[in-house]
Peer 1: 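The structure follows.
Heavy atoms only: backbone and side chains are in, while hydrogens, waters and symmetry mates are out.
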Amino acid sequence: LTEWPETWNRAGRGVFVPPCDVEETPEHFVLRMDTPGIRKEDLRIELKDDELTISGERKTTIAEESNALRLAERRQGSFERRFVVPAGIPSEKVEANYDQGVLTVVLPKAEATKPRQIQIREAKPA
């Protein structure tokens with residue numbers, strides 16, 4: 001599971017890019033993305049062929065135009081992160097949970113990509 005490199009190229013230019021951890025288990029890929037301040041309804045997850053796209057928007061929290069912003073460290077706006085995933089992931093089995101500002105996406109591995117132990121048999125005499 002890898003990410004398209006242009007995501008972090010944009011991040012250096014002040015674009016909002018939520019950080020993400022990717023874990024691989026024998027059965028799944030698990031992505032955990034920090035998305036504080038983003039409503040669940042403002043997130044979108046799409047799996048198409050070998051590409052997983054997570055997008056969303058953190059909207060501004062400044063109450064009025066007349067307020068003077070003295071310090072702005074919290075980035076906002078739209079984001080999109082795209083990951084290349086192995087072929088054959090069953091999209092109907094992908095799960096997503098949102099808890100305390102963390103989006104967790106669990107992608108089950110396709111049967112063909114799961115590791116399996118090969119049984120070693122005794123050689124038959126010739």
Side-chain angles (χ1 to χ4, degrees):
L1 189 75
T2 59
E3 183 172 19
W4 291 95
E6 71 270 8
T7 299
W8 288 102
N9 292 337
R10 292 191 314 263
R13 289 186 246 138
V15 175
F16 172 54
V17 179
C20 182
D21 293 336
V22 179
E23 176 185 357
E24 181 176 1
T25 73
E27 301 289 322
H28 301 90
F29 292 102
V30 182
L31 289 85
R32 290 182 186 88
M33 183 176 291
D34 286 346
T35 54
I38 301 175
R39 298 178 323 149
K40 178 181 78 166
E41 296 78 21
D42 293 329
L43 293 167
R44 181 176 175 176
I45 304 166
E46 182 177 306
L47 177 63
K48 183 177 179 187
D49 300 325
D50 64 346
E51 186 172 280
L52 174 73
T53 303
I54 301 174
S55 59
E57 181 178 7
R58 182 168 22 192
K59 297 177 181 173
T60 184
T61 56
I62 298 173
E64 297 178 20
E65 293 267 334
S66 62
N67 290 349
L69 183 61
R70 301 289 183 176
L71 178 64
E73 293 181 344
R74 298 172 52 230
R75 292 187 178 155
Q76 58 219 2
S78 298
F79 75 90
E80 180 179 273
R81 299 207 46 192
R82 296 183 303 150
F83 300 87
V84 179
V85 298
I89 290 181
S91 62
E92 68 279 358
K93 293 186 178 181
V94 174
E95 296 179 10
N97 298 301
Y98 191 69
D99 184 37
Q100 298 184 23
V102 178
L103 174 65
T104 302
V105 181
V106 180
L107 300 119
K109 290 183 176 178
E111 287 298 320
T113 62
K114 290 182 184 175
R116 71 178 186 93
Q117 187 171 355
I118 308 299
Q119 186 74 20
I120 302 172
R121 297 183 286 201
E122 291 290 328
K124 295 182 182 178

Peer 1: Looking only at non-hydrogen atoms, find the nearest pair between T53 and E80 and report the distance.
Peer 2: CG2-CG, 3.6 Å
Peer 1: Just do the side chain to side chain contact (heavy atoms under 4.5 Å, CB included) check on L31 and L52 with the steps written out, would you?
Peer 2: CA-CA 11 Å; L31 289 85; L52 174 73; 4.0 Å; yes
Peer 1: Sequence neighbours excluded, which residues qualify as side-chain contact (heavy atoms from CB on, under 4.5 Å) partners of R39?
Peer 2: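 So R39 forms a side-chain contact (heavy atoms from CB on, under 4.5 Å) with E41, D42, K59.
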Peer 1: Is the side chain of R58 donor-acceptor paired with the backbone N or O of T35 at a distance under 3.5 Å, no angle test?
Peer 2: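 Flag not set: sc R58 to bb T35 has no pair under 3.5 Å.
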Peer 1: Answer yes or no: are there more than 12 heavy-atom neighbours, outside E122 itself, under 6.0 Å from its atom CD?
Peer 2: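 For E122, atom CD is not crowded (no more than 12 foreign heavy atoms under 6.0 Å).
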Peer 1: Quick one: side-chain hydrogen bond (donor to acceptor under 3.5 Å, both in side chains) partners of E46, sequence neighbours excluded?
Peer 2: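 R44.
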Peer 1: Has the side chain of S55 got a donor or acceptor atom that lies under 3.5 Å from a matching backbone atom of F79?
Peer 2: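 Side chain of S55 to backbone of F79: no pair is present.
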Peer 1: Decide yes or no for L107 and F83: does some side-chain heavy atom of the first lie under 4.5 Å from some side-chain heavy atom of the second?
Peer 2: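 No; the side chains remain at least 4.5 Å from each other.
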Peer 1: With heavy-atom distances below 4.5 Å as the criterion, would you say the side chains of F29 and V85 are in contact?
Peer 2: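 Side chain of F29 against side chain of V85, heavy atoms only: no contact under 4.5 Å found.
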Peer 1: If you compare all heavy atoms of K109 against all heavy atoms of P26, which two are closest, and at what distance to 0.1 Å?
Peer 2: CD-O, 3.6 Å
Peer 1: Between T104 and D99, does a side chain to side chain contact (heavy atoms under 4.5 Å, CB included) hold up when you go through it step by step?
Peer 2: CA-CA 8 Å; T104 302; D99 184 37; over 6 Å; no
Peer 1: Search all heavy atoms of A110 against all heavy atoms of G88 and return the closest pair with its distance.
Peer 2: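 What the structure gives for the nearest pair is CB-O, 3.1 Å.
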Peer 1: Measure the spacing between CZ of R82 and CD1 of I54 and express it to the nearest 0.5 Å.
Peer 2: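 Atom-to-atom, R82:CZ and I54:CD1 are 12.5 Å apart.
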Peer 1: Where is the tightest heavy-atom contact between I89 and P108, given as atom of each residue plus distance?
Peer 2: CG2-O, 3.5 Å
Peer 1: Using modelled atom types and a 3.5 Å cut-off, is there a donor and acceptor pairing between side-chain atoms of R81 and backbone atoms of P18?
Peer 2: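 Yes, R81 side chain to P18 backbone: donor-acceptor pair under 3.5 Å.
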